[in-house]
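Input: a single structure, listed below in structure tokens.
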Amino acid sequence: MTTKMFGQPIRRTEDPRLVTGNGRYLDDLGHDALEVAFVRSPHAHARLTDIDVTGALDVEGLVAIYTHEDLEAEDIAGMAEPLPMLIPHPTLTHGRTQCALARTEVNYVGEAIAMVVATDRYIAEDAAERISVVYELLPAVVGVEAARAAEHLVHDDVPGNVAARMVQQTGDADAAVDGAPHSLGLDLAIERSASMPMEGKGVLAKWDSDDSSLLVHTSTQTSTSVRQAIAAKLGLPVDRVEVVTPDVGGGFGVKIMHPWPEEVLVPWAAIRLGRPVKWTEDRREHFVSSAHERGQLHQVRVGYDDEGHLLGLSVRFWHDNGAYTPYGLIVPIITSTQLLGPYKPGVYRVEFASLYTNTVIVTPYRGAGRPQGCFVMERVMDAIAADLGLDRTLVRERNFIQPGEMPYEQGLVFQDGRQLTYDSGDFPASLAKLKTLVGWDDFPAFREQAQAEGRTVGIGLACYVEGTGVGPYEGGHIRVENDGTVVVSTGLTSQGQGHQTMLAQIVADELGMPMDRIRVTTGDTRRFKYAVGTFASRTAVMSGSAMALTARKVREKALRIAADALEASVDDLEIVDGQVRIKGAPASRIDMGTVAVLSNPLRYAFDEAARRATQFAPAADPTKPPVAAGDAPGLEATDFYSPTQSTFANGMHAVVVEIDRDTCDIKILRYCVVHDCGTIINPMIVEGQIHGGVAQGVGGALYERMEYAEDGQLLNASFMDFLMPYASEVPTVEIDHLQTPSPLNPLGVKGAGEAGVIPGSAAIASAIEDALGLTIRRMPISPSELFHLRLTSAESAGPVETLRKVRS
Amino acid sequence: MATETLVHVSFHVNGTLHELELPARRLLSDALRHDLKLTGTHVGCEHGVCGACTVLVDRAPVRSCLVFAVSLEGARITTVEGCCTDGGDMGPVQQAFQDCHALQCGFCTPGFITTITAYLAQNADPTAEEAREAISGNLCRCTGYQNIVAAVQRAAALRKATDRTRRDPSGEVSTGSTTGVES
Amino acid sequence: MKISGTSQLSADREAVWRALNDPAVLVRAIPGCSRLESIGDDAYKMTVAAGVGAIKGVYDGEVRLHDQQEPGSFRMHAQGAGAPGTIGAGVLVTLEAVAEGGTELTYDADATVGGMIGGVGQRMLTGVSKKMAAEFFGNVDALLSGSGLVGVPDEGSAPGGAVYTAPAAAPPSHPTGFVMGVAVGAVAALAGALVGGWLSRRRT
């Protein structure tokens, strides 16, 4: 009996290559390419008056300098126009996107103005430094409050700096709040952070003038979509453009945004110059010309009864979308809908305004708006518990959607344009597991003991629901080669999630093939052309399901062919270790490679496998065509998976913190996670995703914020000043799993990629509040801010401010 | 602007002597990656904070993005490629990384591997706390570090297992890999 | 592409006029010009070495002077071709006497650039052109104020016309190796990126 791969912590097939320094990341390629540096705006808001390149002309090794005028060449109409609005929405009435190179105005520090091509990056930077641009400075709009006040405008034709206003509601929530026995108002804020993968973006383009074809490598999360975008912008037929995703050093969302200006400019330059051209961004560039996320201000009103049941929830928030809106409203829409978490909100109304500021654009970062929504909802829960003097888990339990109520309709439209319907999940069970894991009921005793030792400790929790496996589809292709190798491909991409291993596990089980015969390619449009991309925790659900379906097709065909060859019935056959054999009579068997040879009637005995295959060749029936109508040569298949809706994972985190009594230093003593992502394909990979997400959650709760000055300068555009946690800051994560399989896909899986980060700020805020008895309304929070907050809270106590009541 | 003056420098990388003519301002990280085509060393920040570019120079971990290649005349440099065994298989630190799922995207990994290789040569049997401390100068955005800490201890165990059969005549404990890291 | 500019020369208008119409001056003043062959009245074939930074090459071109109104203005039409592309340009050159002595020269060029050369970007092309025009006129001025220059055809010149060559010792015109053949700025745009050597590496 072959060992099942599915569900096993199989070691990754990607690793041997990567740990020995044999990865192929973007900058490892194209050693002979010309290299690019950009002149980027040093001002947050300015008109371009003049660009003088004279100073750069003397630089030895300079090849070209391009500005917007060069994009206006007649032969390529699209290049001079703004980059595409990727995800339009009816409420996005004032969407704006930038041009690949700024035309007359720049709207954020970092916006690209001129592109320099030279023989290497050092020289390109030398030349770029010598280009002088004359600016007419305009007032910069920075921060939600300034955008909202709209004393100045980012875009002249966007009144109030409002890109969009959107309302979703299930009824008159304000009336429900007003009519409730109890009500609370909360003002909450989450600050900007960013994905910050260890590898920045990069693009390498090669133009083959012999057949007018373009090959582009880019560090992306969606090669198929970049391909379409490049073809459209450069006026090339799509089938003359191929995009390959190399090894990618992390994405976390920032690489789903596309096409970056560089993704169209680098290929464009490669065509003009007839040489391969490469650009890799440096860290500062990544800070000021990629994307950020998380910045929102919320105003919440909630009405509840004596037991803490939610009766009405009215949320208004302001989302900082930066200078342009290429990714539409996905992030605030996700905030709006996922804010509800595992709860029944009573009557719910959410309204947001998406605002322009003269800062870097905002596109999804792991969690994609959920961390903000979770922070809001969980602060509400804690506030209600404090007001009523109830245990915080009790209030949550009382508002949970029950497993028997699944599927549960929230009455809203989700980010995929479909109804927000939770398909499965057992929230009470998840919470029970969490309480056991962290020892929730024993905590008071621990607190007392700590207090006796002069230590201040606290415990907090947060719950979330995550819509994963968003459509529209993904696909898989499998081909068994004559030598028994299984070639597998899917169109979406990998940035370290172990997709190749996970998909191989699925194929191994479905096809009865050993893992080491399976080779998986992701993100290469030459291999697989129809795909959406890697985001929204969707790979296992989408490509995993598609691959299972594809493998089943291949299996069915293999058995059919083998049944003929072995003169048995299909039902009597099994595939074990790459051999099709008769159950109970394993000596009667045929290798899958041989089956592959047989599947292709063009049967020249050009090698050993083919020769052996002739032994099995059934006598050809002269009345029938060698390849039956509707069939195809080859042991291969393609299939797609396309769900009616997302599938909803959930999780709950509990955190124990210790606060230093003198310095307010925040130490995480324990971090517990209960995680439900349905059926688990590779538990080691899933846990790795949780660990990484928790680290980013800790970072977002305590360290990471983008510091913009009033004039739009990013003050901390380096790792020295933008603080991400090292190993010394990240706790050991204790994990327990619940598996409520998804009813929506053949494998029962749900996504796991973003889970770890979603409740981080909420759970840690909850714990800090519990330790110090004051209210946290803003994240991240540093020890010095906590110190100050402790001081000021002692001075001012109001009904909303100090809500901590006596705890049991 | 005149063509840049080239400076001659020679150093060993993973046991091989290289003679190079480089501009004075060429970073060691760029020289390794683009002049010597040893792309295993990665550049994450170019300002010495993330540690992805860490290589060993005369056995000590160094941020190669902060060093000019021409300043290393006569140095013996080890990169992640030099942490393999003679046969090109995974050395103990690399094997430990795979065993413990201590990498996801793999971009920061070479810096950890060289750092840990040097660390274990100094402290062959660290506790979990010491292991965590040892790696707290390298950034990883994917793994949350937990599995990397485990990998340090697993690497220590794997080294011990191979070391029992191999000690050099001076009695100095080898790092468990027979190539690259100069003893 | 339109390129225009001015240059101040210390010699008087008449001397400048004669110099600009003198092939022996042109062959020495045009940066990178190694050979100028007369092919008719006021028409020349030229061979010029040109480059931008690391990229260098040789091209062949033709220059014709017409609408001469001594000493105030003339027009020049130039055509050049090299491996990376082609250029055609028409230039109007006007000379104004300056009260205190000397000449103010104005050039107005309209250039069409085809092929690879168009690839380096407009600002770079115009920038390079103007730079080299300035160098050219500077060379003319230097020659005029230095030795009294007289054009001397080579002995044994090719049939069909006199051939002028730059003095053997003439170094690549620009110490950086940045070399352009320019006839009154017009051909500068093309010259900036014509690269035989570059093109031969195009397919790598």
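By convention in this document, chain letters (A, B, ...) are assigned in the order of the sequence lines, proteins followed by strands, and residues within each chain are numbered from 1.
Proximity of B/Arg25 to A/Tyr122: side-chain heavy atoms (C-beta onward) are separated by under 4.5 Å at one or more points. With a 4.5 Å cut-off on side-chain heavy atoms, B/Cys50 and B/Asn138 do not count as touching. When side chains are defined from C-beta on, B/Val93 does not count as touching B/Gln95, because their heavy atoms never get closer than 4.5 Å. Residues A/Gln495 and A/Pro197 fail the side-chain proximity criterion, which asks for heavy atoms closer than 4.5 Å. In this structure, the side chains of B/Pro110 and B/Thr41 stay at 4.5 Å or more apart for every pair of heavy atoms. By the 4.5 Å heavy-atom criterion applied to side chains, B/Ile135 and B/Tyr119 are not counted as neighbours.
For chain A, the nearby parts of B/Phe107 are the backbone and the side chain; heavy atoms of each come within less than 4.5 Å. The contact between B/Ile113 and chain A is made entirely by side chain atoms (from C-beta outward), counting heavy-atom distances below 4.5 Å. Interface remark: B/His34 contributes backbone and side-chain atoms alike to the contact with chain A (heavy atom separation under 4.5 Å). For B/Thr143, the part lying near chain A is the backbone, with the side chain staying farther off; criterion is any non-hydrogen pair under 4.5 Å. Proximity to chain A involves both the backbone and the side chain of B/Gln98, based on heavy atoms less than 4.5 angstrom apart. Residue A/Ile685 touches chain B through both its backbone and its side chain, counting heavy-atom pairs closer than 4.5 Å. Using a 4.5 Å cut-off between heavy atoms, A/Phe719 touches chain B through backbone and side chain atoms alike. With a 4.5 Å cut-off on non-hydrogen atoms, A/Glu199 touches chain B through its backbone and its side chain both. Contacts between A/Glu729 and chain B at a heavy-atom distance below 4.5 Å are absent for every atom of the residue. Contacts of A/Asp282 with chain B are made by side-chain atoms alone, with heavy-atom separations under 4.5 Å and no backbone atom involved. Heavy-atom distances place no part of A/Pro9 under 4.5 Å from chain B, backbone and side chain included. Interface remark: A/Val248 contributes backbone atoms only to the contact with chain B (heavy atom separation under 4.5 Å). Neither the backbone nor the side chain of A/Val698 comes within contact range of chain B; no heavy atom of the residue lies under 4.5 Å from a heavy atom of that chain. Neither the backbone nor the side chain of A/Thr280 comes within less than 4.5 Å of any heavy atom of chain B.
Not counting sequence neighbours, the partners of A/Ala124 by the side-chain contact (heavy atoms from CB on, under 4.5 Å) test are A/Ala37, A/Val116, A/Ala118.
Ranked by heavy-atom pairs shorter than 4.5 Å toward chain B, the options A/Gly692, A/Gly251, A/Ala695 are led by A/Gly692. In terms of heavy-atom pairs under 4.5 Å with chain A, the best-connected choice from B/Ile148, B/Asp30, B/Asp89 is B/Asp30. Between chain A and the options B/Cys105, B/Gly137, B/Cys140, B/Cys108, the largest number of non-hydrogen pairs under 4.5 Å is found for B/Cys105. Per-residue heavy-atom pair counts under 4.5 Å with chain B were compared for A/Arg366, A/Met196, A/Arg283, and the maximum is reached by A/Arg283. If you tally non-hydrogen atom pairs under 4.5 Å between each of A/Met724, A/Gln497, A/Glu687 and chain B, the highest count goes to A/Met724.
Between A/Lys278 and A/Asp27 there is a salt bridge, since a side-chain N of the basic residue sits under 4.0 Å from a carboxylate O of the acidic one.
Between A/Arg17 atom CZ and A/Arg12 atom CZ the span is 9.5 Å, to the nearest 0.5 Å.
Listed here is the closest heavy atom pair of B/Val80 and B/Gln94: O-NE2, 3.2 Å.
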Practice problem: Please lay out, stage by stage, how B/His18 and B/Phe11 fare under the test ring pair (Phe, Tyr, Trp, His ring centres under 6.0 Å). | Solution: CA-CA 6 Å; B/His18 293 279; B/Phe11 44 66; 7.2 Å; no

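Cation-pi geometry between A/Arg294 and A/Tyr365 is met: the NZ or CZ atom falls under 6.0 Å from the ring centre, inside 45° of the normal.
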